[in-house]
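Since the structure comes first, as structure tokens, the remarks are kept for the end.
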Amino acid sequence: MKNIVILISGRGSNMEAIVRARIDGARIAAVIANRPDAAGLQFAAHAGIATRVVDHKAFASREAFDAALADVIDGFAPDLVVLAGFMRVLTDGFVQRYTGRLLNIHPSLLPSFPGLHTHQRALEAGVRVHGTTVHFVTPALDCGPIVIQAAVPVRPGDDEDRLAARVLVQEHRIYPQAVRWFVEGRLSLTPAGTVQVADVADGPDGWTVPPVEG
Ligand code: GRF
């Protein structure tokens with residue numbers, strides 16, 4: 001059984017998708033939020049998952065917050081730490097502590113649109129294809145070796161909310177998939193910093209970019 005710790009800041013719909021996927025061999029050991037009012041905590045508690053809050057406002061520095069957060073995380077002996085809408089910039093020390101076992105989801109096709117407001121920026125840039133990326137976390141923000149991406153079309157008349165909703169459907173597909181691969185021991189970060197996904201039935205074209213969907 002692999003222990004998964006999921007970090008959230010708000011709604012927690014990606015966390016929920018991972019929990020609902022009931023991944024064989026995975027135990028969601030804890031859901032931890034940096035905000036006491038993170039809505040996703042309620043779903044996790046109802047699902048019988050341990051919940052914790054490490055409120056970043058209680059700490060004077062990023063380093064102090066990250067150290068306290070790591071202590072709580074490590075209490076659950078995680079094999080994998082999953083950032084699911086966790087809206088804090090993490091220190092290099094924190095990221096290095098979890099190298100190869102720290103995943104994030106970002107709402108764009110990286111390396112396009114790192115940072116915030118990705119859907120609005122995609123609309124402003126006039127891209128025809130947008131999407132989402134699961135990646136291993138490295139010290140640079142919203143950067144890191146890409147595990148899986150899903151693309152969606154940008155349709156005429158889209159606004160930020162419509163585009164975000166279309167992308168979110170794909171987020172809820174690819175994040176559980178990435179976690180499943182990890183739990184099955186098929187997904188790893190190599191010492192060279194590349195992603196290895198072993199024995200995926202669909203083959204490279206099938207899994208790196210699932211078909212564009214409406
Ligand atoms: C998602 O769009 C995710 O890609 C981004 O923040 C959002 C979190 O949504 N990092 P939720 O809390 O998982 O519902």
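Predicted model, so just to flag it, every value in this text is computed and none were measured. As the structure lists them, so they are numbered: ligands from 1, and atoms in each ligand from 1.
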#### Entry: Protein contact to atom 5 (C) of ligand 1 [nearest heavy atom, distance to 0.1 Å]
Pro107 CD, 3.9 Å
### Task
Pick whichever of Glu16, Met87, Met15, Glu171 has a heavy atom sitting closest to atom 3 (C) of ligand 1.
Glu171
### Message
One pair to check against side-chain contact (heavy atoms from CB on, under 4.5 Å): Leu103 and Tyr175. What are the steps and the verdict?
### Response
CA-CA 9 Å; Leu103 291 175; Tyr175 218 177; 3.8 Å; yes
### For Gly12, atoms of ligand 1 separated by under 4.0 Å from a heavy atom
11 (P), 12 (O), 13 (O), 14 (O)
### Message
What I want to find out is whether Asp24 reaches Arg180 closely enough, with some N-O distance under 4.0 Å, to be called a salt bridge.
### Response
no
### Query
Step by step, would you call His119 with His130 a ring pair (Phe, Tyr, Trp, His ring centres under 6.0 Å)?
CA-CA 8 Å; His119 308 304; His130 184 45; 5.1 Å; yes
## Note on the structure
For atom 9 (O) of ligand 1, the closest protein heavy atom turns out to be Arg11 NH2, 3.1 Å
### Ion pair check, Arg35 and Asp37, cut-off under 4.0 Å
yes
### Message
Within the 4.0 Å heavy-atom shell around Gly85, which atoms of ligand 1 are there?
### Response
6 (O), 8 (C), 10 (N)
### Query
What residue and atom, counting heavy atoms only, is the protein's closest point to atom 10 (N) of ligand 1, and at what distance?
Ile105 O, 3.2 Å
### Query
What are the two closest heavy atoms between Phe113 and Arg121, and how far apart are they?
CA-NH2, 3.4 Å
### Query
Under the 3.5 angstrom rule, does the side chain of Arg155 hit a backbone N or O of Leu163 as a donor-acceptor pair?
no
### Donor-acceptor contact below 3.5 Å, side chain Asn3 vs main chain Asp79
no
### Query
Can you find an N/O atom of Leu168 closer than 3.5 Å to an N/O atom of ligand 1?
no
### Query
Ile8 near ligand 1, heavy-atom distance under 4.0 Å?
no
### Query
Quick one: nearest non-hydrogen protein atom to atom 11 (P) of ligand 1, plus distance?
Ser13 N, 3.4 Å
